[in-house]
Chemist: 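Structure in structure tokens, see below.
We name chains A, B, ... by the order of the sequence lines, and we start the count at 1 in each one. As the structure is a computational prediction, the values presented were derived from the model and not from experiment.
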Amino acid sequence: MNTKKPFESIVAEHGATVLRVCRAVVGFDDADDAWSETFISAMKAYPTLPDDANIQAWLVTIAHRKAIDIIRVQKRIAIPVDVVPDQPSSLGVPATADTEIWDHVKTVPQKQRQVIAYHYLAGLPYLEIAEILGGTTDAARRAASDGIKSLRKTFAGTHSKGASE
Amino acid sequence: MNTDTTGDQEISDLLAHSALPSTEMMERLHRRLEESAQQAGILDIAYTTIDTPVGTLLLAATERGLLRVAYESEDFDKVLDTLGTKVSRRILKAPKRLDAAAFEVEEYFDRRRKTFDLNLDLSLSSGFRRLVQKHLPEIGYGMTQSYKQVATIVGNPNAVRAVGTACGTNPLPIVVPCHRVLRTDGTLGGYIGGLAAKTALLEMEAAA
């Protein structure tokens with residue numbers, strides 16, 4: 001039923017959500033490229049998409065693959081860090097809590113970041129996230145919970161620091 | 001433990017409600033998509049809307065040419081849905097492909113253009129309807145013919161009603177001038193854009 005819609009409606013309905021997912025997974029700077037590659041690829045495949053497909057899950061699946069390609073390139077360019085240090089963030093005073101959260105998301109390990117994006121931003125259930133990432137539903141749920149915990153830790157770190165001064 | 005859970009909830013709420021990308025940002029990405037879809041050869045249908053004296057019009061084109069002109073009263077969403085079903089769902093609002101058509105329609109309403117010089121994609125009509133629609137541009141600017149005359153010219157004098165149907169289902173009103181076909185007694189007959197639009201077009205052409 002959904003696929004009967006012109007592709008323009010798909011872009012209008014899901015474009016912003018997919019961009020937020022891309023920002024969370026590949027970072028702000030590369031999000032535009034990830035978004036563009038996702039939608040051109042989706043438009044190519046659109047005519048053959050089954051009528052009962054879940055459009056949002058389908059787009060996130062494509063975005064996931066495009067993001068992995070981009071992360072691979074990022075890793076080749078960036079200085080490799082094995083373990084993301086678990087410590088209070090040294091980020092400056094951000095303008096709003098809204099923009100601040102993205103800076104924190106960047107510090108969370110890749111898999112946790114992906115699960116957080118797909119679950120909290122795209123609203124996908126863990127079952128579908130497990131299908132996208134591989135692995136079990138429980139593992140996806142655990143990764144989300146770990147991600148939220150570390151996010152809370154860095155977030156609370158900067159916040160309590162700000163509040164106490 | 002309680003405070004932990006509350007904190008997690010706050011973070012997930014913050015994520016879920018964090019600011020959406022700006023409209024400007026989304027428009028920029030949309031334009032980029034229009035360009036790359038065109039380059040990749042997958043922009044099957046491009047469309048835009050333009051303001052005219054007879055209301056907002058939708059213009060849609062394939063690579064082959066102008067495919068559809070629609071009046072707002074036809075409901076643009078419905079028109080696009082139908083194009084999606086009949087032609088292709090790879091549809092984007094991509095005004096660039098419609099630049100020439102939009103320009104000529106504007107000239108027409110400014111009374112600076114009497115015939116359209118555009119590539120047309122006639123794939124939405126076939127058979128007798130297409131035959132009639134192909135004849136319509138031969139009715140000159142400011143002239144009219146009756147449904148019966150048109151039936152005779154296309155070689156089927158008894159097909160008056162079918163000519164009416166062909167005019168009523170013209171996918172390219174204005175550009176293919178079905179508004180120049182009237183009843184034998186000179187009354188308007190029907191029009192896809194409504195009788196007010198038909199009158200406005202005929203009066204504009206008569207005044208020129």
Chemist: Quick one about Ser123(B) and Asp121(B) (side-chain donor to acceptor, distance below 3.5 Å, no hydrogens or angles considered), yes or no?
Modeler: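 Present: a donor and an acceptor within the cut-off.
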Chemist: Against chain B, work out which of Leu19(A), Asp32(A), Thr17(A), Ile116(A) has the most heavy-atom pairs shorter than 4.5 Å and name it.
Modeler: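 Among Leu19(A), Asp32(A), Thr17(A), Ile116(A), the one with the most close pairs to chain B is Asp32(A).
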Chemist: Which of parallel (below 30°), tilted (30 to 60°) and perpendicular (above 60°) describes Tyr126(A) and His119(A)?
Modeler: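 Geometry flag for His119(A) against Tyr126(A): parallel rings.
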Chemist: Quick one: does Lys198(B)'s side chain have a donor or acceptor within less than 3.5 Å of a partner on Gly190(B)'s backbone?
Modeler: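 Yes; judged by distance alone, with no hydrogens or angles, the pair exists.
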Chemist: Can you confirm whether more than 12 heavy atoms, excluding those of Arg112(B), are under 6.0 Å from its CZ atom?
Modeler: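 Yes, the 6.0 Å shell around CZ holds more than 12 heavy atoms from other groups.
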Chemist: Taking 4.5 Å as the heavy-atom cut-off, does anything in residues 124-131 of chain B contact chain A, and if so which residues?
Modeler: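 No residue falls under the 4.5 Å cut-off.
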Chemist: Picking from His135(B), Arg180(B), Glu138(B), what satisfies side chain to side chain donor-acceptor pair (under 3.5 Å) with Gln145(B)?
Modeler: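 Option passing the side chain to side chain donor-acceptor pair (under 3.5 Å) with Gln145(B): His135(B).
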Chemist: Only heavy atoms, only distances under 4.5 angstrom. Which residues in residues 23-35 of chain B are near chain A?
Modeler: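 When heavy atoms of chain A are the reference, residues 23-35 of chain B contributes Met25(B), Met26(B), Arg28(B), Leu29(B), His30(B), Arg32(B), Leu33(B) within the under-4.5 Å range.
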Chemist: Atom CG of Leu136(B) and atom CG of Leu172(B): how far apart are they, to the nearest 0.5 Å?
Modeler: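 Here the rounded value is 10.5 Å.
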Chemist: Under the 3.5 angstrom rule, does the side chain of Gln74(A) hit a backbone N or O of Val26(A) as a donor-acceptor pair?
Modeler: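 Checking the backbone N and O of Val26(A) against the side chain of Gln74(A), a donor-acceptor pair under 3.5 Å is found.
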Chemist: Is there side-chain contact between Tyr191(B) and Thr199(B), with at least one heavy-atom pair below 4.5 Å?
Modeler: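 Of all side-chain heavy-atom pairs linking Thr199(B) with Tyr191(B), none is under 4.5 Å.
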Chemist: In residues 39-49 of chain B, which residues are in contact with chain A at a heavy-atom separation under 4.5 Å?
Modeler: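 Only Ala40(B), Ile42(B), Leu43(B), Tyr47(B) of residues 39-49 of chain B have a heavy atom under 4.5 Å from chain A.
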Chemist: Could you grab the distance from atom CZ of Arg89(B) to atom OG of Ser9(A), nearest 0.5 Å is fine?
Modeler: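 If I round to the nearest 0.5 Å, the distance is 11.5 Å.
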Chemist: For the OH atom of Tyr108(B) and the CD atom of Glu104(B), what is their distance to the nearest 0.5 Å?
Modeler: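 Interatomic distance, Tyr108(B) OH to Glu104(B) CD, rounded to 0.5 Å: 13.0 Å.
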Chemist: Measure the CD-CD distance between Gln56(A) and Glu128(A) for me, rounded to the nearest 0.5 Å.
Modeler: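 Interatomic distance, Gln56(A) CD to Glu128(A) CD, rounded to 0.5 Å: 9.5 Å.
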Chemist: Taking the side chain as every heavy atom from C-beta outward, state whether Tyr46(A) and Trp58(A) have any pair of such atoms under 4.5 Å apart.
Modeler: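 SC-SC contact between Tyr46(A) and Trp58(A) confirmed.
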Chemist: Side chain, backbone, both or neither: which part of Leu121(A) has a non-hydrogen atom closer than 4.5 Å to chain B?
Modeler: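 Only the side chain of Leu121(A) comes within 4.5 Å of chain B.
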Chemist: Under 4.5 Å, heavy atom to heavy atom: which of residues 90-102 of chain B reach chain A? Give them by number, or say none.
Modeler: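 Hits under 4.5 Å: Arg90(B), Ile91(B), Leu92(B), Lys93(B).
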Chemist: Using only atom types and a distance under 3.5 Å, with no angle test, would you say the side chain of Glu74(B) pairs donor to acceptor with the backbone of Val79(B)?
Modeler: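 Not confirmed, Glu74(B) side chain does not pair with Val79(B) backbone.
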Chemist: Salt bridge or not between Arg72(A) and Asp69(A)? Use side-chain N to carboxylate O under 4.0 Å.
Modeler: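 Result for this pair is yes, salt bridge flagged.
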Chemist: Give me the atom names and distance for the closest heavy-atom approach of Ile129(A) to Leu124(A).
Modeler: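 Closest heavy-atom pair between Ile129(A) and Leu124(A): CD1-O, 3.5 Å.
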Chemist: Testing the basics here: between Leu151(A) and Val108(A), what is the closest heavy-atom pair and its distance to 0.1 Å?
Modeler: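 Closest approach of Leu151(A) to Val108(A): CD1-CG2, 3.8 Å.
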Chemist: Tell me whether the count of non-hydrogen atoms from other residues, nucleotides or ligands lying under 6.0 Å of NZ in Lys111(A) goes above 12.
Modeler: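 Result for NZ/Lys111(A): enclosed.
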